[in-house]
Amino acid sequence: MLDISMFRGHADVIRADHDRRGLTHENIDEVIRLDEEWRRARYDADQLRKARNEAARGVAAAKKSGDSAAADSIMAEVADIGAKIDELGAHSNECLAQRDALRMRIPNILHTDVPVGEDDQKNTLRSMHGEKVELGFEARNHNDLIEMNGWVDQARGAKVTGSRFYFMQGDLARLEMALQQYGADFLMDRGYTLVQPPLMMNREAYEGVTDLEDFETVMYGVEPDKHYLIATSEHPLTAMRMDEIIEPSELPIRLVGVSPCFRREVGAHGLSDRGIWRVHQFTKIEQIVICHPDDSWGHHEELLDNAIGLWDNLGLHYRVVNICTGDMGTVASRKYDLEAWLPGAGGYKEVVSCSNCTDYQANRLRMRYRTTEGNAAVHTLNSTAVATSRALVAIMEQNQMEDGRVSIPEVLRPYMGGQGALEPLQ
RNA sequence: GCAGACGUCGCUUAGCCUGGUAUAGCGCCGGAUUUGAAAUCCGGUGUCCUUGUGACUCGGGAGUUCAAAUCUCUCCGUCUGCGCCA
């Protein structure tokens, strides 16, 4: 959510940003109108409250001096003021609620370097990493590999839960745990604190960190407790400091979250999504930074550098792209994706997403740091380190051997008892 | 799950019984003093607005009242004991 001062003093900046995104200005104008109406109603109500306070002080003084007639007369004068205050107060509250409901839907201001374009076709290449390996035989896609090796049982997942749920087993399950361990260790070495978050969140905290539409399309609700299963540990880790004033000496806060992630993935998917590429549940190692506003662009590069270091160490071929205006979403100001080469699928596909959300989440979460001129919103950033399901797909497709076994990246072998390849399930 | 106690400004804390301007300490910021620092002293230190002799703020919400941190109801959370439990 943008700070209200943006609408009062710099609406031209928001309008220019909407122009880049191809949005109309209606919502901006409505927020400004509701804000003005709220301020008027608020002022009128404040004047009435002032009168009531003066009367109350008059009653107190009269009673203290024993003049009960004067007290009675003041009380008679202000007998109906409470009802008027309630009425005006209700109107002002309504204006404020409407203003902020609308303000929640207005997206973050994009960084000036974000390329303009309608959809992911207009994302621009930032850098290439690693080499495209010559397999010397026809590449299988990961779905063929998991089926021929028995590493994932999709049919029984569907039976006991539903479609896109699965049992992961054997060497692939062990590699999944190795990826978690390695990813967490890699970031702890770089000064990040390991955190295992709650896997459910309440509505208020969740509204602080995500697009409202996600409640319909992404998150699972848990009844009757009114909780939501987290779609990523970014959400609890970012909301962790909600309603807090952070001492500047604590910044920057660097966290590495490890958790299962739950996603409804509403909307039909085609055959191209078979396998474990797009599933309802996976594990993710996530980087989080909460920092001073002046430092966030530096930390954004730091998060990208961490992701690049990790994926280089896995020995995989991938590219980094700048996400364009049409592919950006509501919360981020700038976003980089890592896209891994999938020889079986024949393309580069998203495995890491690295975002600077500036003060957008912090405003919703009332998450501030102390300054000499008052308290100001912090900036929040997040980036995938490893989403295990997608990293497994990239490893399987790039490291596959002719017999269908898969070579294990060197850095993961110590976590696999020294094993060099994934063997079929017996 | 049951019973009891508790929730006050960044932290600690007084006020609650008996309704009438939110107390003090710590921390932090500024100033005085000092060659500099410590110590000491003075002032400031939540939010909002049309910046006023302004409004709001005592876990959230509702109620009673001229007036609620204070009384009532309700929800949330914490602690203690009991119960259950990997």
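Naming: A, B, ... by sequence-line order, numbering from 1 per chain. Keep in mind that what you see is a predicted model, and the values were worked out from it rather than measured.
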Open item on the list: Can you see if the side chain of Arg39(A) gets near the phosphate of U50(B) - specifically, an N or O under 4.0 Å from OP1 or OP2?
Closed with: yes
Open item on the list: Whether Asn53(A) contacts A55(B) is assessed here as follows: a side-chain N or O lying under 4.0 Å from the phosphate OP1 or OP2. Is that the case?
Closed with: yes
- [ ] Just say parallel, tilted or perpendicular for the rings of His300(A) and Trp297(A), cut-offs at 30° and 60°.
- [x] perpendicular
Task: Watson-Crick or G-U pairs under 3.5 Å in RNA chain B, rendered as dot-bracket with [ ] for crossing pairs and | for another strand - done: ((((((((.[[[..)....(...]]]((((((.......))))))((((..).)))..[[[[[..)....]]]]])))))))....
Task: Residues, nucleotides or ligands: over 12 heavy atoms within 6.0 Å of Met219(A) CE - done: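 Above 12, so yes.
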Open item on the list: Taking any heavy-atom pair under 4.0 Å as a contact, classify Arg42(A): base, sugar-phosphate, or nothing.
Closed with: base
- [ ] Answer with base, sugar-phosphate or nothing: what part of the nucleic acid does Ile245(A) contact at a heavy-atom distance below 4.0 Å?
- [x] sugar-phosphate
Using 0.5 Å steps for rounding, measure from the [atom1] atom of [X] to the [atom2] atom of [Y].
X	Y	atom1	atom2	result
Ile109(A)	Arg21(A)	CD1	CZ	8.0 Å
Ile74(A)	Glu54(A)	CD1	CD	11.0 Å
Cys324(A)	Asn123(A)	SG	CG	4.5 Å

In whole angstrom, what separates [X]'s [atom1] from [N]'s [atom2]?
X	N	atom1	atom2	answer
Ile4(A)	U47(B)	CD1	C1'	15 Å
Arg49(A)	U65(B)	CZ	P	18 Å
Arg368(A)	U47(B)	CZ	P	6 Å

Task: Distance under 6.0 Å and angle within 45° of ring axis: Arg156(A) vs Tyr166(A) - done: no
Task: Whichever of Gln47(A) and Asn375(A) has its nearest RNA chain B nucleotide further upstream toward 5' - done: Asn375(A)
